[in-house]
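Structure first, then comments.
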Amino acid sequence: MMARGDWYFSNCTNPKRRGFTSGLTTQGIYLIVILRSQLRSWNETIGSLATQDSYDALEGREIQVTKIIVKDPLSIGGRATGCIRDIITAWEADIRYTENYIYDRQLEPGMVYKVEEGRLQLGSKEDPAQTITDFREGDEEYKKLVSRWLGLLEAPLPTFRRLALDIEVHSPIDTRVPDPSLAEYKVICASLCGSDGIRRVLVLQRPEMGEASVQLEDTAVEFFETEEDLIASIFKALFDYPLVLTFNGDDFDLRYLYNRALNRGFTRDQIPIELGRESAGLKYGIHLDLYRFFFNRSIQVYAFGNKYREVTLDAISEALLEVGKAEILTPISRLSYTELARYCLQDAQLVLDLTMFDGEVVMKLVSALSRISFLPIEDMARQGVSGWIRSMMFKEHRERGYLIPRSEEVKKAKGDTTTTAVIRGKKYKGGIVVDPVPGVHFNVAVLDFASLYPSIMKAWNLGYETLQCDHVECKTNRVPDTDHWVCRLKKAMESQLIGSLRDIRIKWYKPRSKDRSLENDILSWYQVVQNALKVVLNASYGVFGADRFSLYCPPLAESIAAIGRYDITKTIEKAKGLEIEVFYGDTDSLFLGTPSRDRLDALIAWSKKELGMELEVDKNYRYVALSNRKKNYLGVHEDSRVDIKGLTGKKRHIPEFLKAVFVQLVDILGQVKTPGDFDEARAKIKDLVRESYSKLKKREYSKEDLAFNMMIGKSVGGYTKTTPQHVKAAQQLRNKGEDVRAGDLVSFVKVRGGSGVKPVQLANIQEIDVDKYTEYIRSTFEQVLDALGLDYEELTGARKLEAFFPGSC
DNA sequence: ATCTATGGCAAGCCGA
DNA sequence: TCGGCTTGCCAT
C-alpha cells in the first residue's frame with residue numbers, strides 16, 4: 001500500500017493543506033485514497049451501488065452518473081460518517097439515490113452505465129474502435145481511448161426532469177440589490193417552472209398591496225401569509241427535482257434563500273441547500289447555474305458563436321430565444337402583485353427555456369462536456385476549459401497509474417522556451433500570418449489543416465513527458481526552429497488522448513453532424529458533440545502555455561506552434577513548386593489559386609505523406625478581396641454568401657447605423673459575379689455612402705444607432721495608464737450615480753466639445769460630432785474598397801484635387 | 001480555486 | 001506633431 005502523501009497529493013503545493021482538498025480532481029483522488037486506507041486493497045470490489053430493489057427498478061435502463069459527492073469521513077465536526085452520496089439521473093425515470101454507499105472505483109462522473117442482470121455495467125457494448133476502419137490504425141492504448149470516447153458519447157442521453165427557480169427580494173432602497181450574505185429583507189416572490197410543465201408563482205401577501213389576487217395564464221399563483229411558508233414551499237420543490245436551474249443562483253438566489261431561512265428560524269436540516277465558498281449546491285439534486293455556464297468564454301465563443309455579448313439573462317435570452325426579460329418601470333419592491341408575479345415568472349421561464357430551445361441543445365452540450373471532461377455537471381459548468389482538460393488528463397493519469405507531477409517538477413524537468421514572440425511580453429513565438437497579396441482574386445480555394453495543433457500533438461508524439469526526454473538517442477529528433485527534442489521510445493499520454501479526441505471528431509462526429517439523412521434529434525446530438533470536441537481540442541494546446549494550468553509546460557506549447565510554422569511554411573514552398581499561387585495564409589490555412597484540381601490533390605497528398613498532416617479544401621471562393629492588412633478579408637462563396645473577417649464594419653463595438661450600412665455594402669459585393677460587375681457595384685456603393693452621409697448630417701439616425709458599445713474590461717478606477725473614451729463615458733455615468741462595473745457594456749456617442757464623448761443616455765442628438773462619424777464611415781469603407789482596388793475619395797466625390805488630376809502630384 | 005494560446009488591426013491617449 | 005503605448009476586438 002502506498003504511503004499517504006506520496007503521490008496522491010502531488011498536485012497540492014501547500015503542505016498544510018495536504019489531506020484536505022486541493023482542487024476538484026485531486027479531491028477525487030484524495031477521497032479515494034482515504035477510503036482505500038480503510039480498506040484492504042486497491043482492486044477489491046467494494047460494496048454495491050444501492051439496494052437490490054433499486055437495481056430491479058433500473059433493469060435494462062441506461063443511467064448516467066452526473067454527480068458524486070464525497071464526504072470526508074475523517075473530517076471533524078460531525079459531518080456525515082457515511083462515505084458517499086451520489087445522485088444518478090436515470091434514463092427517463094426519476095430515481096434517486098440518497099443512501100450512503102461505498103465508493104466504487106469505476107463510478108466516475110460522466111460515465112454511462114447500464115443495469116443488466118441486476119448489476120451495473122459500463123454502457124455501450126459494441127467496440128467501435130475494432131469495427132470502424134478509421135480507427136483501426138494505432139496502438140492498443142489509442143484504440144482503448146477511442147472506444148472509451150465513443151462509448152461515452154454514443155450513449156443515449158437522459159432527459160433531465162428539471163426546475164427553474166427565480167426569487168425576488170424586497171429592498172428598502174430601490175437601486176440596491178439585497179446582500180445575500182445578510183439576507184435582511186423578505187423574499188416576496190418566487191417562480192418555479194418545470195420541464196414537466198409546472199408553472200408556479202409563489203407570492204408573499206403584504207398588507208399594503210391590496211387584494212391578494214393575480215390571474216396568469218396556465219400558471220398557479222399561490223399566496224402565502226408568512227414568508228416562512230413561502231420559503232418552505234420553495235424548499236419542498238427543491239427537494240423534489242433532480243436538477244434545478246438558476247441564473248446566478250450560486251451568488252444570489254440559493255445563497256439568499258439559505259441565509260434567509262436561517263434568519264427565519266429554519267434548521268439546517270430543513271434547508272435543501274448547501275453553500276460553498278463560490279457556489280451553492282443542493283442536498284438532493286444538481287444545481288446548474290446557467291449564469292456560470294454562459295459566462296464561460298469557450299461556451300460564449302465556440303458553442304454559441306458569440307451570439308450573446310453581455311452575460312445577462314436579458315441579453316442571452318434575447319440572443320438565443322428572441323425573448324427578453326419582462327420590462328418593468330417600477331422598482332421590484334413597489335410592483336403590484338400582478339406585475340411582480342409576471343416579471344418573476346418570466347425570469348424563471350426564460351431560465352427553463354434556455355435549456356429547452358432547439359431540441360434542448362444546452363442540456364445536450366452540458367452532458368457532452370461533462371462526459372468529455374469527466375466532471376460532474378455542476379463542476380463542469382463552473383469551470384473554464386482549462387479545468388475540464390485538467391480533469392480529463394488527471395483521470396488519464398490515474399487510469400494508467402501515472403504520478404501527477406507538481407507544476408514545479410514539470411518546469412524544472414522541461415525548462416523554458418527558446419523562441420522570441422513577435423508580440424512583446426509573450427512567452428514564445430506563435431503562428432505565421434502570410435502577407436496577403438492585395439487585390440481581387442477570382443477562384444480561390446481555401447485549404448486548411450484539420451485541427452492543426454491537436455494533429456501535431458498526435459503526429460509528433462507530443463506530451464510534457466516526451467518532450468526533452470532523458471534518452472540520448474532521442475536528442476536528434478528535433479523540433480524545427482527550437483532547441484527541443486521529442487522522445488522516440490515512449491508514447492505520450494497527451495498525444496494519445498488529444499489525438500483520439502481529434503480523430504473521433506474529424507472521422508466520426510464532424511461528417512455525421514452534416515448528414516441530413518439522420519433523425520433530427522440524433523443529428524443535433526452529433527452537432528453538439530462535434531462542437532464540444534472543438535472547444536476542448538482548440539484549448540488543448542493553449543493550456544500548456546497557461547501558467548495557471550497544472551501541467552503548464554511552455555516548451556511544449558512552443559514546440560506545437562513551431563511545428564505548425566514548419567508545416568505551413570513547407571506547404572507554401574511545395575505549393576509554389578507546383579505552381580499554385582498563394583494569396584494569403586494564417587496559422588493553419590492557405591488561400592490558393594485553383595489552376596486545376598489535380599495540383600491541389602497533389603499538394604494534399606504530399607502533406608499527408610511528408611508531414612503526416614491532413615490538409616483539406618475548406619471552401620472555395622468565387623472571389624476574395626485582400627488588402628495589405630493581415631487578418632482582414634472579404635470572400636464571396638460560389639453561392640454569393642459573403643465571409644467577412646476582421647473588417648471594422650463587422651466589429652461589435654461600432655455603431656449600429658454603420659453596421660447596417662456595412663451590411664448593404666456586403667450585399668452589393670455579394671452580387672458581383674465577374675470582374676466586369678464591379679462597375680455596377682461601384683455606382684451602388686457610391687449611392688450608399690452618399691445616403692448615409694446625408695442622413696448623418698440631417699440627424700436622421702437616432703443616438704442609439706450612433707452609439708459605440710464597448711466592454712469595460714476593468715473597474716473604472718483600474719485605468720491608470722490612459723483614459724480611453726468608453727472609460728470617460730463610464731466616469732460620467734458614475735458621476736450620475738450609475739453603477740458601472742468591469743464587464744459592462746458602455747454605450748457612448750461622440751460629441752463636439754467637452755471630453756468628446758457622452759454616454760448615450762446623457763447625450764442629445766444635436767451635439768453629435770458629425771465629422772467624427774463621417775470619418776468613421778470613411779475608414780470603415782476604405783478597408784473594403786482598398787481591397788477591391790477602389791479609391792474612396794474618387795468614388796464618393798472628389799474632395800481633393802488629386803482625384804480630378806490623377807498623377808499630377 | 002480562476003484565466004487556453006499568440007498575432008494583428010484601429011483608435012485614442014499622452015509624453016517627448 | 002510624432003510615435004510608443006494601451007485598449008478592445010478579432011483571426012486562428
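Side chains included, hydrogens not; waters and symmetry mates left out as well; all remaining heavy atoms used. Just so we're on the same page: letters track the sequence lines, and every chain starts at 1.
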**Item:** A:Lys411/A:Glu408 under salt bridge (Lys or Arg N to Asp or Glu O under 4.0 Å): CA gap, chis, key distance, verdict
**Value:** CA-CA 5 Å; A:Lys411 196 178 169 144; A:Glu408 314 91 78; over 6 Å; no
**Request:** Please step through salt bridge (Lys or Arg N to Asp or Glu O under 4.0 Å) for the pair A:Lys659 and A:Glu656, ending with a clear verdict.
**Result:** CA-CA 5 Å; A:Lys659 271 191 232 171; A:Glu656 249 354 278; 3.5 Å; yes
**Message:** Go through it in stages, so that I can follow the logic: the residues are A:Asp481 and A:Lys429, the test is salt bridge (Lys or Arg N to Asp or Glu O under 4.0 Å), and I'd like the CA-CA distance, side-chain angles, deciding distance and then a yes or no.
**Reply:** CA-CA 10 Å; A:Asp481 197 31; A:Lys429 190 182 287 212; 5.1 Å; no
**Request:** Check the pair A:Asp586 / A:Lys631 against salt bridge (Lys or Arg N to Asp or Glu O under 4.0 Å), numbers first and verdict last.
**Result:** CA-CA 8 Å; A:Asp586 185 347; A:Lys631 299 187 188 277; 2.8 Å; yes
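Among the atoms of the strands shown, only primed sugar atoms or phosphate atoms (P, OP1, OP2) are found under 4.0 Å from some heavy atom of A:Tyr776. Within the 4.0 angstrom heavy-atom criterion, only backbone atoms of the sugar-phosphate kind lie near A:Ala421; the bases stay farther away.
Taking atom CD1 of residue A:Ile498 and atom P of nucleotide B:dA5, one finds them 16 Å apart after rounding to whole Å. The separation between A:Lys772 atom NZ and B:dA10 atom C1' is 15 Å, rounded to whole Å. With rounding to whole Å, A:Asn296 atom CG is found 7 Å from B:dT4 atom P. The interatomic distance linking A:Arg548 (CZ) with B:dT4 (C1') rounds to 11 Å, in whole Å. A straight line from CG of A:Leu551 to P of B:dA5 spans 15 Å, rounded to a whole angstrom. Atom pair A:Phe708:CZ and B:dA10:P shows a separation of 15 Å (rounding to whole Å applied). Rounded to an integer number of Å, the gap from CZ of A:Phe544 to C1' of B:dC3 is 17 Å. Atom-to-atom, CD1 of A:Ile456 to P of B:dA5 comes out at 18 Å; the value is rounded to the nearest Å.
Taking the ring centroids of A:Phe591 and A:Phe583, they lie at or beyond the 6.0 Å cut-off. Aromatic ring centres of A:Phe394 and A:Phe374: separated by at least 6.0 Å.
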Contact list (N/O, under 3.5 angstrom) for nucleotides 13-16 of chain B vs protein:
residue: B:dC13; atom: OP1; partner: A:Lys728; partner atom: NZ; Å: 2.9
residue: B:dC14; atom: OP1; partner: A:Thr723; partner atom: N; Å: 3.4

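When atom types are taken as modelled, the side chain of A:Asn628 and the backbone of A:Pro438 share no donor-acceptor pair closer than 3.5 angstrom. The backbone N or O of A:Ala421 sits nowhere less than 3.5 Å from a side-chain atom of A:Lys427 that would complete a donor-acceptor pair. Proximity of a side-chain donor or acceptor of A:Asn531 to a complementary backbone N or O of A:Val529 within less than 3.5 Å is not detected. Judged purely by atom type and a 3.5 angstrom limit, A:Tyr541 has no side-chain atom pairing as donor or acceptor with the backbone of A:Ile560.
Once you apply a 4.0 Å limit to the heavy atoms of chain A, the touched nucleotides of DNA chain C run 5' to 3' over C:dC5 to C:dT12.
Listed by chain and number, the residues in a side-chain contact (heavy atoms from CB on, under 4.5 Å) with A:Arg641 are A:His637, A:Asp639 (sequence neighbours excluded).
No hydrogens or angles considered: nothing links the side chains of A:Asp250 and A:Ser279 as a donor-acceptor pair under 3.5 Å. Between the side chains of A:Asp588 and A:Tyr453, no donor-acceptor pair of N or O atoms lies under 3.5 Å.
Each of A:Arg309 and A:Thr587 lies near DNA chain C, and the nucleotide nearest A:Arg309 is the one positioned closer to the 5' end. Each of A:Thr420 and A:Gly542 has a nearest nucleotide on DNA chain B; the 5'-most of these lies closest to A:Gly542.
Taking a 4.0 Å limit (strictly below) on heavy-atom distances, residues 625-633 of chain A reaches DNA chain B at A:Arg629, A:Lys630, A:Lys631, A:Asn632. Within residues 425-437 of chain A, the residues approaching DNA chain B are A:Lys426, A:Lys427, A:Tyr428, A:Lys429, A:Gly430, A:Gly431, A:Val433, by heavy-atom distance under 4.0 Å.
Among pairs with a residue in residues 712-724 of chain A, none fulfils side chain to side chain donor-acceptor pair (under 3.5 Å), at least two apart in sequence or across chains.
Set against B:dG7, B:dA10, B:dT4, the side chain of A:Val422 has B:dG7 as its closest nucleotide.
Separation of the P atoms belonging to B:dC3 and C:dT12 is 26 Å when rounded to the nearest angstrom.
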